[in-house]
Each structure stands twice: as C-alpha cells, then as structure tokens.
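Below is one structure, written out as structure tokens, with a few remarks after it.
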There are 2 protein chains.
Amino acid sequence: MDFDKQMNSRITIVDVAKQAGVSFGTVSRVINNDVHVKKETRERVVETMERLGFVANRQARSLAGGKSNSIGVLVPDLGTGYIGEIIRGIDAELSLTDLDLILYTTHRTASKETNYVTNLATGMVDGLLLVLPRSPADFIGNLTQSKFPFVLIDHQGAGRDCPSVGAANWQGGYNATEYLTNLGHTRIGFITGSMDLGCAVDRLDGYRSALRTYHIPDAPELIYEGDFFQPDGYSGAQAMLDLPEPPTAIFASNDVMAMGVMDAVRNRGLRVPDDVSVVGFDDIPQASLVRPALTTINQPLEKMGRVATQMLLDLLKHPEKKADRIELPTHLIVRDSCKSPRLD
Amino acid sequence: MDFDKQMNSRITIVDVAKQAGVSFGTVSRVINNDVHVKKETRERVVETMERLGFVANRQARSLAGGKSNSIGVLVPDLGTGYIGEIIRGIDAELSLTDLDLILYTTHRTASKETNYVTNLATGMVDGLLLVLPRSPADFIGNLTQSKFPFVLIDHQGAGRDCPSVGAANWQGGYNATEYLTNLGHTRIGFITGSMDLGCAVDRLDGYRSALRTYHIPDAPELIYEGDFFQPDGYSGAQAMLDLPEPPTAIFASNDVMAMGVMDAVRNRGLRVPDDVSVVGFDDIPQASLVRPALTTINQPLEKMGRVATQMLLDLLKHPEKKADRIELPTHLIVRDSCKSPRLD
DNA sequence: CTGTTAGCGCTTTCAG
DNA sequence: CTGAAAGCGCTAACAG
C-alpha cells in the first residue's frame, strides 16, 4: 500500500536516492556529512529526505560498520534514587549532543553484565558508561584491550587504571567524623555500607582516620556492618543504643540508613539531635526534607554522571587519550541533626 | 589476531557453525528455538555456542527481520522523581523477561519525539512504552494504523482509544476534598497543576465535584493555577493566605507543591496542621518523610509502569487483542498534615 | 564529485 | 531435519 509506506517511515536510502535522482551511495554520503558531495546535490538529497520523512535505520548503520550514534549505560538497578541521580546527569549531558541513551539494568546478575557488555561493545553503541559498584569484572580487561571507549562511574577500581569518575569517599568519611568530634563527641557510632563496595570501605577508613587524628580510642562495638538499606540503619542504631555506654552520635554510611537511625532513636523516646546526633552520606533530596533536616556529606551524583559523560565524549573524539580517574570532592552539609553532646 | 577474536566475542553464527560442523542456517534455528532441529544437533550447537562464548548480534537479528528483543521507553525527562518511579516499575517487570530496555528522553522536544518513535518503530524495538503527559501527538495515529504494539502511560488520551494505563485522578481529587470537608473545612484552597495536562484537569474537576456534593459554594479566589513545581505551591499558598478570608485547608495537585505550601505556611508563623491543613497528590517517597508527614493521594506510579509493561507484553503475544485503557485506583493516605479547623 | 560493488550477522524461504 | 541462497538497510572501499 502507498500510504502505508509513508505512515511507517519505511523509507530507505534507496527510496530517497530514486526520488532525488542519485545513487544510494550518495545519499549515504549526505547522511554521514561526507565532504565529497556537491553542495547542490546535497541540498536536493536533504530536501528529498525531509519530504519523504526519511529516518536512517540504526541497526543497519551499525551493522555496516558505521557509528550507532548512541551510548550504552549499564547500571545494577533503578531501586535506589542514587542511580537515578547519576542517570539524570548523564542524560542532561547527552541531550546536548545527538547521541541516544540505551539503558541496561543488570539487576546485579553477573552473567547479564558480561552478556550486555559484549553485546553492546559489538557495535550496538559507540561507548559505554558503567555503574558497577561491585568488584571489577573481567570484561573491564577485555574492554580495555579491545580499546572500546568506556568510563566507570563510582567504582573504586582495584588498581586498574581505566577512565573512571568517583567521589572522595574517604574525605567525606573523615570530614563528617571530624565535624562530630569538633562538636565534642567522643563516642561516635558508625554504620557501614556493604563492605564489598569500595566506597563503603573508603568511608569507614575516613571515619577511622579522623578518630585517630583526634586521639579517640578504637571501640569496635561502635562499628556496625550495614548494607546501605534503611532497616540496617535502624537495627544498627538499636544495637548501639543498647550498649552500656551508647554513642552520643551516629554516622551512617548513607542517608537512607541515617533515616533508619533517626527512626530508631525516636522509637526509644530519644530525640535527634538533643540526645543523639546523626550524620548521613550522599545528600539525597530527602535529606533536606526530613525533620530535623539531615546533616550529611554531599556526594555530587548528578555531576558524576555529567563528568563521566563528558569524559566518554572526549574519549570518542580522541581515542588515543590516556585513561584517567577523576575524583569529585564531597562536602559536609550542616543541617539540623547534630548538636554538641549533653553534659552529664 | 587470535586472542582478539576471543576477547571481543566477535564470534558469529558462522564460527559456531564451523566448529559444530553444521550450516549456519542450523545455528540460526537453534538460536530461535526452531522445532525443526534434531535434539542431538541442537545440543552440539548449544555446547559450541557456550564454549565459544557466542552472543547473537542484535542489530543483525532485527535487520534481518527477526525480533529485536528489546522494548523502547520514551519519557519527557528524568527530572522529576515521578518518571523514575514509573521506569522502575517497567524495569522490574521487564527483568522477568529477556527483553531489554531502551530509554529515550525527549526533553520535551516534539521533533525528537516523532523522530524517535519512527526510528524505534522501524525495527529497533519490538514495542513501545510512551510516557507522554502532553497532548496526543500525531504519531499515535501512525502507530495505531501500522499496528505497532505500544502502550501509553499516564496520558489522558483525548478520545482516541488506544492501550493506555493511567490513574484515577478525578477520584483522587474528589476523595481528598471530601476528606477535608468531613474534617469540617469549608474554605478549601486548591492549587492546580499545569492545566494543559489531562491529569491536572481531572484533579481539579474532582475537587469541584466534591465541593458541590457537600454544598460548599464556589470561591474562585481559592483556586490558584500552578505548574506542578514547588515554587508555585509556595506562591499559591501565599496568595491565598493573604485573602481577607483565607482557607483553613489547602489541597495541592501534587506533593512537591504541597511542600511549597507547607513552607509558605510556616514562613508566616503559622503551623501545619493546626492553622492550615495541607493535602498533596502522588505520594512520592518524600511525603512520608517531611514533618508533619504529608497526607496525600497515593498514585501508584511504579504499578502503572508494571501494568503498562504487562499490557505491552500481552500485546506482543496477542497482536490481535483489542486496545483498552486501564485506570489504576488512587488512595487517600492519611498522615499528619490535616486537622479539623480551629473553632473561632 | 558520484556510481558500483561488496559485505556486516542474521532470519527466512526454498529445496532437498 | 538441514543446507543453500536471498536479502534486511546501510557503510566503505573502489573505480571512474
């Protein structure tokens, strides 16, 4: 049917070529901005493409060896607003170009990860943005060797030097703890994140270093191993508050757990910050909304997305560039959840 | 190079075919679960594929006319957590299948929308999930005519009957208002959303109907036109509170604006809910976190994503099925931001 | 500057 | 049940 063709935009370069009276090779050149086309011819072709509503077929292009004009983003999941922030940054930056975004969620399945990566790197996308909080997978080696452009986000690369952007987690852990000690706290509880994640380890290390700096003795009972989810914040706080000598402040490795801490504190009839100070990490949107507003470490997630995208774009342009790691600074955001400890 | 081939997984069906001692047509059949393959042969091929780490090339498959095994999701942007929730639902449902998700953000550019849709519908994806809060675009017609499977999300389709899932916005508007009147309020302010969105209109209508039901006279000064963003909630509340006879309750068309309302109330030295009751709409995660916790209308965003995905999956299986619209119920979530009005 | 010719990797007939 | 052959729409040499 005639109308069907128009409707479906099943217009190919051959159709355009016929209509414009040129060979389809010329149409291809026009599409790819090849210089070797007479201005006049180009105009005629462009006009025809518009008239026919031609839209190049992506799979054909990439199959034939051209660019796919899209970049792939691989994330573990969409569950935590955390990833959403990063994606927003990526999207914002990408919208400035004509590249499209293909999103893959691996749902923390290692096999899916590998599968996707090989698939994507085989022409489906021009570059890859990987949000892989877990341990470095083998395909990073492959990617590097095959010189496929990619950037790691928020991944504490275990020694490998490949392009990546992360946050100053250690610094954040240190600063928050330092702030608490300056307030006069000496019993500071810490709830870790999943310890198989580099960022969780770094935050804990920062906390420990600060204590050492301020000559506060180690107290293993004040370190509770969490998993970055709210319930662990709650139970961690409960456990610590049950101690004979409970902490006067609790520093949770992320905001979500800090909110769990707040709940636990309140459920015992205690108040934040009067009885217990609370600090979080991430500075997610909710942090400024809860009451009392949460003092936390700002981690520039959206910016991490943007910067990573810019790095990738740069890599796409200059494939020979050296890989480097960018570490974005974290900042202490003082709000209302901390106070000097009561004088007993 | 030899290792390069292994590294890149540039293994094609031809390689597999050679290794397994069959023609590449047979390998294709195995991939597509064609019944016409001897069990023994199939096993040998599967074994070979695994050994070689074969991963089928998506673009080639879809170019050659097969399925692309991915569905496209078109959203206006990622700015509001609102869309994120929907995507989460989609992703959750999709993770149960072997379909991949390709995400496109149009950044509210009509031309991009059209472009993407035609592109995607030309084999790049097997189906489309469209989050198009704005007015119905022409391509919906095209899509319908070309019988391409798609589902609209949160789109008050202006008469066209195509598969879509939405929420009971009218009902929500009605219920919230009714709740307020039952509490004893008779001066209830309303802050609308962007009135070019169907959902905003429906919520306003629900509000009006409830007032009528309870014989509360019209008061045009109590309706403030907002845009779904926080600042408008703030200024709307300010305007109404300046009235000679200010409202004792304010119902905002979404939670974000409701939070603006709360701020405005507090900034005048008034308290929520003692002096002014506040109700929102959406029930975003923050709603339960702010103090006082926000009473609001729960809109099942994540579920909308899930249901839409299920509908699309169904459409993919049974292309002949009739289009239908599913409306998910909204619920009043009573928290701490409302109270009976003071008796003066 | 432009037309022609091979494929890219895979699905689908069509013959055996 | 399986092999062979013909493209899908496009890019990238190669000739003019």
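Just so we're on the same page: letters track the sequence lines, and every chain starts at 1.
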Compile the donor-acceptor pairs under 3.5 Å between side chains in residues 307-319 of chain B and protein atoms, sequence neighbours left out, one pair per line.
{"from": "B/T309", "atom 1": "OG1", "to": "B/G305", "atom 2": "O", "distance (Å)": "2.6"}
{"from": "B/Q310", "atom 1": "NE2", "to": "B/E93", "atom 2": "OE2", "distance (Å)": "2.9"}
{"from": "B/D314", "atom 1": "OD2", "to": "B/K321", "atom 2": "NZ", "distance (Å)": "2.8"}

Inset, instruction - Sugar-phosphate means primed atoms, P, OP1 and OP2; the rest is base. With that split, encode nucleotides 4-14 of chain D 5' to 3' as B, S or - using protein heavy atoms under 4.0 Å. - result: BB-BBBBBSB-

Legend entry - Contacts of B/F150 that satisfy ring-ring contact (aromatic ring centres under 6.0 Å, His included) - sequence neighbours left out: none

Inset, instruction - Give the rounded distance in Å between these two atoms: CG of B/N33 and P of C/dT12. - result: 13 Å

Would you be so kind as to tabulate the donor-acceptor pairs closer than 3.5 Å made by side chains of residues 45-54 of chain B, with sequence neighbours excluded?
{"from": "B/E47", "atom 1": "OE2", "to": "B/R51", "atom 2": "NE", "distance (Å)": "3.3"}
{"from": "B/T48", "atom 1": "OG1", "to": "B/R44", "atom 2": "O", "distance (Å)": "2.7"}

Legend entry - Ion pair check, A/E327 and A/R325, cut-off under 4.0 Å: yes

Legend entry - Gap between atoms CG and P, on B/D34 and C/dT12 respectively (whole Å): 9 Å

Legend entry - CE on B/M304 to OG on B/S164, rounded to 0.5 Å: 9.5 Å

Inset, instruction - Can you sort out the partners of B/S70 under side chain to side chain contact (heavy atoms under 4.5 Å, CB included), two or more places apart, ordered by chain and number? - result: B/S68, B/D100, B/I102, B/V125

Inset, instruction - To the nearest Å, give me how far apart NE2 (B/H36) and C1' (C/dT13) are. - result: 12 Å

Inset, instruction - Residues of residues 41-50 of chain A with any non-hydrogen atom less than 4.0 angstrom from an atom of DNA chain C: list those, numerically ordered, please. - result: A/T41

Inset, instruction - Using five pairs at either end of the helix from C/dC1-D/dG16 to C/dG16-D/dC1, determine the angle between the two local helix axes and round it to 10 degrees. - result: 40°

Legend entry - Separation between CD1 of A/I87 and CG of A/L103, rounded to the nearest 0.5 Å: 4.5 Å

Inset, instruction - Supply the atom-to-atom distance B/R29 CZ to B/I13 CD1, rounded to the nearest 0.5 angstrom. - result: 10.5 Å

Inset, instruction - Just jot down the side chain to side chain contact (heavy atoms under 4.5 Å, CB included) partners of A/A64, sequence neighbours excluded, or say none. - result: none

Legend entry - Set of residues satisfying side chain to side chain contact (heavy atoms under 4.5 Å, CB included) with respect to B/K18, sequence neighbours excluded: B/V14

Legend entry - Contact under 4.0 Å: B/T26 side-chain N or O vs D/dT2 OP1/OP2: no

